[in-house]
2 protein chains.
Amino acid sequence: MNKDRCLKPATDEECKKAWLALQDTLDVIGGKWKLVLIAILRGGKLKFRELSREAEISPRILSKELKDLEINGLVTRTVLNTRPISVEYELTPYSQTLSEMIVSMHEWGKQHRQRFKEQ
Amino acid sequence: MNKDRCLKPATDEECKKAWLALQDTLDVIGGKWKLVLIAILRGGKLKFRELSREAEISPRILSKELKDLEINGLVTRTVLNTRPISVEYELTPYSQTLSEMIVSMHEWGKQHRQRFKEQ
DNA sequence: CAGGATCCCAACCGATACTG
DNA sequence: CAGTATCGGTTGGGATCCTG
């Protein structure tokens with residue numbers, strides 16, 4: 001893809017970076033579960049099991065998704081000194097930076113649904 | 001998911017709709033190719049083969065992706081009276097409504113990359 | 001309780017060949 | 001040229017069981 005097909009006038013190099021950035025975003029919040037988990041955690045910290053029940057997601061997938069979110073700095077994992085142990089997951093302040101984008105996606109999806117499906 | 005875990009204060013019903021809308025958005029522009037194709041077509045209409053070469057995507061996938069985009073009103077398909085026939089694909093005016101969201105996603109991805117990867 | 005291991009199924013994607 | 005058919009590999013996700 002060259003610069004002539006880019007969002008705004010730019011060099012080829014800048015254009016390539018722009019689309020890599022978009023791809024990054026989709027990697028971080030795309031897929032079936034990431035946004036759902038973020039949504040749920042907006043309501044406050046939850047333990048692994050609670051999160052699993054709330055989202056109706058199997059432990060294997062939940063574990064993987066939470067790792068991804070943690071790697072990307074969106075969620076913190078805290079092991080509690082209980083017996084048996086329990087682990088709390090919580091959104092980071094950094095996750096707030098997603099808000100504007102999430103709102104954009106929500107707004108677009110809403111108007112799209114009105115336009116195309118039964119209103 | 002109930003309203004207490006929603007983006008803004010709302011009824012359970014509103015909350016459910018909000019997350020359906022987000023899911024809609026991901027369905028429409030998520031995945032590996034949708035945004036790439038939209039990006040490329042921003043530069044102007046292209047024929048099937050040109051698009052295939054530009055995006056480096058196999059015909060089978062391209063065909064499917066274009067159908068999806070057409071169904072969602074983002075792309076028009078025009079058969080030309082040539083021999084052999086050729087088909088042009090072009091973004092619709094409606095596709096412009098994606099701009100704000102795409103910019104949001106781009107901005108977030110850019111700052112995320114700066115924050116986490118080699119700058 | 002947290003979460004890894006295993007097994008299995010479905011969706012996705014790429015390459016290639018083929019038809020109108 | 002446009003697009004479908006076929007096949008095969010890869011990824012993602014669900015269910016269940018198991019261990020620290």
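Side chains included, hydrogens not; waters and symmetry mates left out as well; all remaining heavy atoms used. Naming convention: chains lettered A, B, ... in sequence-line order (proteins, then strands); numbering from 1 in each chain.
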Engineer: Hey, where on DNA chain D does chain B first and last touch, going 5' to 3'? Cut-off is any atom under 4.0 Å from a heavy atom.
Structural biologist: D:dC1 to D:dT6

Engineer: Return yes if some donor-acceptor pair links the side-chain N/O of A:Thr25 with the main-chain N/O of A:Ala21 below 3.5 Å, else return no.
Structural biologist: yes

Engineer: Roughly how far apart are B:Lys34 NZ and B:Leu66 CG, rounded to 0.5 Å?
Structural biologist: 9.5 Å

Engineer: Nearest heavy atom decides the nucleotide; on that basis, is A:Val79 or B:Trp33 closer to the 5' end of DNA chain C?
Structural biologist: A:Val79

Engineer: By a strict heavy-atom criterion of less than 4.0 Å, which residues belonging to residues 58-72 of chain A are in contact with DNA chain C?
Structural biologist: A:Pro59, A:Arg60, A:Ser63, A:Lys67

Engineer: Rounding to a whole Å, what distance do you find between A:Lys32:NZ and C:dC9:C1'?
Structural biologist: 13 Å

Engineer: Rounded to the Å, how far apart are A:Leu46 CG and C:dA2 P?
Structural biologist: 11 Å

Engineer: Of B:Thr97, B:Leu37, B:Leu69, B:Leu41, which is the lone residue that meets side chain to side chain contact (heavy atoms under 4.5 Å, CB included) with B:Leu74?
Structural biologist: B:Leu69

Engineer: Holding to salt bridge (charged side-chain N to carboxylate O under 4.0 Å, His left out), I want the full list of residues that pass it with A:Lys64, two or more places apart in sequence or in another chain.
Structural biologist: A:Asp68

Engineer: To the nearest 0.5 angstrom, please state how far the CD1 atom of B:Ile85 sits from the CG atom of B:Leu80.
Structural biologist: 9.0 Å

Engineer: With a sphere of 6.0 Å drawn around CD of B:Glu50, does it hold more than 12 non-hydrogen atoms of other residues, nucleotides or ligands?
Structural biologist: yes

Engineer: Looking at A:Thr76 and A:Thr92, would you say the former's side chain and the latter's main chain have a donor-acceptor pair under 3.5 Å?
Structural biologist: no

Engineer: Between P on C:dG14 and CD on B:Glu56, what's the gap in Å once rounded to a whole number?
Structural biologist: 11 Å

Engineer: Between C:dT16 atom C1' and B:Ile57 atom CD1, what is the distance in whole Å?
Structural biologist: 16 Å

Engineer: Taking CD in A:Glu70 as the centre, count heavy atoms belonging to other residues, nucleotides or ligands within less than 6.0 Å. Is the count above 12?
Structural biologist: yes

Engineer: From CG of A:Leu51 over to P of C:dA2, roughly how many Å is that when rounded to an integer?
Structural biologist: 10 Å

